[in-house]
Amino acid sequence: MAEAAPLYDTYSRAPLRFERGEGVWLITESGERYLDFGAGVAVTSVGHSNPHVVGALKEQADKVWHLSNIYEIPGQERLAKRLTDATFADKVFFTNSGAEALECAIKTARRYQFSKGHPERFHIITFEGAFHGRTLATIAAGGQEKYLEGFGPKAPGFDQVPFGDIEAVRAAITDVTAGILIEPVQGEGGVRPATTEFMKALRQLCDDNDLLLILDEVQTGVGRTGKLFAHEWSGVTPDIMAVAKGIGGGFPLGACLATAEAASGMKAGTHGSTYGGNPLAMAVGSAVLDIILADDFLQHVRDVALVFRQGLASLKDRYPDVIEDIRGEGLLLGIKAAVPSAELLQAIRAAHLLGVPAGDNVIRLLPPLVVTAEEAREGLARIERAAESIRASKVKKTA
């Protein structure tokens, strides 16, 4: 009888064991090379084993790993200043993950209304198809039954409406509404971008009703769409924003950014974190920003994204029986499959290319932002091989 695995049975893992990474490549224990267009679900933004980031981590590791927020941490002040200088925000709270950043964002919005004399205003309007994390609050915010099932009553205060339906948002605003929470591009929900018009309408509704606009840029932020943050494409400025994934380049790091007004209710003792903002994380986050904020880096992301998007559009035209649609912004792209997405993902993996499953029968393609045009073309060639194999399989079955 086989010995039971010591891990929780919460993941359906692919039978791949990677030993090391180099740039946009992952290498298995047996030496097989895979082109990594999943990037740990949009996390390894500057590639695997990036020398600048590795150097920053090693240098800090020789000094001090962890203190706590009982003391001043100069690295926090430096990284927060860089983030506020580059964004709408005045204040930053550092976390270890995207879910924690969202928890802080939700608490910030509720505490703002409380501090203004409106404790009844704690409801957040969210959107069908959203994914905001796996805590009890963030699964309630996402509202997807498959994540809520079996964990007791849904945390109160989250009102879902259809994505992109401004009239439904307007109808959902009541005397107990504190804010609106949205991903500029729904990632796990199927790589569905919100339109500029919708984003602007949400901002106007918040302004008209003294609500806070909260953006979940955990997946879309830190250069992923070709701007530092995805909301810049629409010209809309949030009051609060959750950031994670790419900001740490693979090191656990998140942040909640806010205007001074939005954060005005978060006084001493209202929130905290043992690990959030520790010196190792701050060194890595600052090194990642060195790369992302360098001259022409975001233009590079846009240029490679154009090559990749055009190539995917060509594949869609040539393989309509396999690829139904191409979605997304920048290097957050999705293939809506015309076959079961698991079948396409398996074929892509067989071509030694890695992608990430999403809702709505979509596969996400999220390469490290340092990917070159040549590597994007190599990825396209592997997707084409996958499409050919699926087509050949179909022909064989009907023969």
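For the numbers below, each heavy atom of this structure counts, side chains included, while hydrogens, waters and symmetry mates do not.
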Handout entry: Side chains of Ser49 and Arg20, donor plus acceptor under 3.5 Å
Key = no
Could you tabulate the donor-acceptor pairs under 3.5 Å formed by side-chain atoms of residues 328-351, not counting sequence neighbours?
{"from": "Lys336", "atom 1": "NZ", "to": "Asp360", "atom 2": "O", "distance (Å)": "3.0"}
{"from": "Lys336", "atom 1": "NZ", "to": "Asp360", "atom 2": "OD1", "distance (Å)": "3.4"}
{"from": "Ser341", "atom 1": "OG", "to": "Asn361", "atom 2": "OD1", "distance (Å)": "3.3"}

Problem - Pairing of Glu167 and Arg170 as salt bridge, 4.0 angstrom limit - result: yes
Completion exercise
Between Val356 and Gly38, the two heavy atoms sitting closest are CG2-CA, 3.7 Å
Exercise for the section: Side-chain contact test, heavy atoms from C-beta onward, threshold under 4.5 Å: evaluate it for Leu83 versus Phe94 and give yes or no. Expected result: yes
Exercise for the section: Mind checking the CD1-CD1 spacing from Ile182 to Ile125? Nearest 0.5 Å is all I need. Expected result: 11.0 Å
Completion exercise
Residue pairs passing the salt bridge (Lys or Arg N to Asp or Glu O under 4.0 Å) test with at least one member in residues 217-237, sequence neighbours excluded, are none
Problem - Ion pair check, Glu59 and Lys63, cut-off under 4.0 Å - result: yes
Handout entry: Crowding at CD, Glu374 (>12 non-hydrogen neighbours, <6.0 Å)
Key = no
Fill in the blank from the handout: Heavy atoms of Ile166 and Phe198 approach each other most closely as N-CE1, 3.6 Å
Handout entry: Donor-acceptor contact below 3.5 Å, side chain Ser393 vs main chain Ser389
Key = no
Practice task
Over 60° means perpendicular and under 30° means parallel, so classify the ring planes of Phe93 and His271, tilted if in between.
Solution key: tilted
Practice task
Take Glu77 and Lys81, measure what salt bridge (charged side-chain N to carboxylate O under 4.0 Å, His left out) needs, and give me the verdict at the end.
Solution key: CA-CA 6 Å; Glu77 295 164 12; Lys81 182 67 163 58; over 6 Å; no
Handout entry: Side-chain ion pair, Glu103 and Lys107, N-O less than 4.0 Å
Key = no
Problem - Nearest heavy atoms of Gln219 and Ala42, plus distance in Å - result: CG-CB, 3.9 Å
Handout entry: Donor + acceptor pair across side chains of Glu100, Tyr275 (<3.5 Å)
Key = no
Exercise for the section: Please check if Val92 and Leu212 belong to a single hydrophobic cluster, counting links between Ile, Leu, Val, Met, Phe, Trp and Tyr side chain heavy atoms closer than 4.5 Å. Expected result: no
Exercise for the section: Flag the pair Lys146 and Glu188 as a salt bridge only when some basic side-chain nitrogen lies within less than 4.0 angstrom of an acidic carboxylate oxygen. Expected result: yes
Fill in the blank from the handout: Residues at least two apart in sequence or cross-chain that pass side-chain contact (heavy atoms from CB on, under 4.5 Å) with Ala141, listed by chain then number, are Thr126, His132, Phe158, Leu181
Practice task
Check whether Phe114 and Ile124 end up in the same hydrophobic cluster, where Ile, Leu, Val, Met, Phe, Trp and Tyr are linked by side-chain heavy atoms less than 4.5 Å apart.
Solution key: no
Practice task
Evaluate whether atom CG of Asp9 has more than 12 neighbouring non-hydrogen atoms of other residues, nucleotides or ligands under 6.0 angstrom away.
Solution key: no
Handout entry: CD/Gln299: more than 12 non-hydrogen atoms of other groups inside 6.0 Å
Key = yes
Handout entry: Enclosure of Asp175 CG (heavy-atom neighbours >12, cutoff 6.0 Å)
Key = no
Handout entry: Least distance between heavy atoms, Gln160 atom then Gly142 atom
Key = NE2-C, 3.9 Å
Problem - is_close_aromatic(Phe88, Phe229), centroid dist under 6.0 Å - result: no
Exercise for the section: Inspect the contact between Glu128 and Arg192 and indicate whether a charged nitrogen and a carboxylate oxygen are less than 4.0 angstrom apart. Expected result: no
Exercise for the section: To the nearest 0.5 Å, tell me how far Ser234 OG sits from Leu202 CG. Expected result: 9.5 Å
Handout entry: OH (Tyr319) with more than 12 external heavy atoms under 6.0 Å
Key = yes
Practice task
Verify, without hydrogens or angle tests, whether Gln60 (side chain) and Val64 (backbone) share a donor-acceptor contact under 3.5 angstrom.
Solution key: yes
Fill in the blank from the handout: The side-chain hydrogen bond (donor to acceptor under 3.5 Å, both in side chains) partner of Arg203 among Asp239, Thr237, Asp208 is Asp239
Practice task
Without swapping roles, check the side chain of Thr44 against the backbone of Ala39 for a donor-acceptor pair under 3.5 Å.
Solution key: yes
Problem - Same apolar cluster (I L V M F W Y, side chains within < 4.5 Å links), Val53/Leu366 - result: no
Practice task
Identify the heavy atoms of Asp216 and Phe131 that sit nearest to each other, and give their distance.
Solution key: OD2-O, 3.5 Å
Exercise for the section: For residues Val243 and Ala101, report the shortest heavy-atom separation together with the two atoms involved. Expected result: O-CB, 3.7 Å
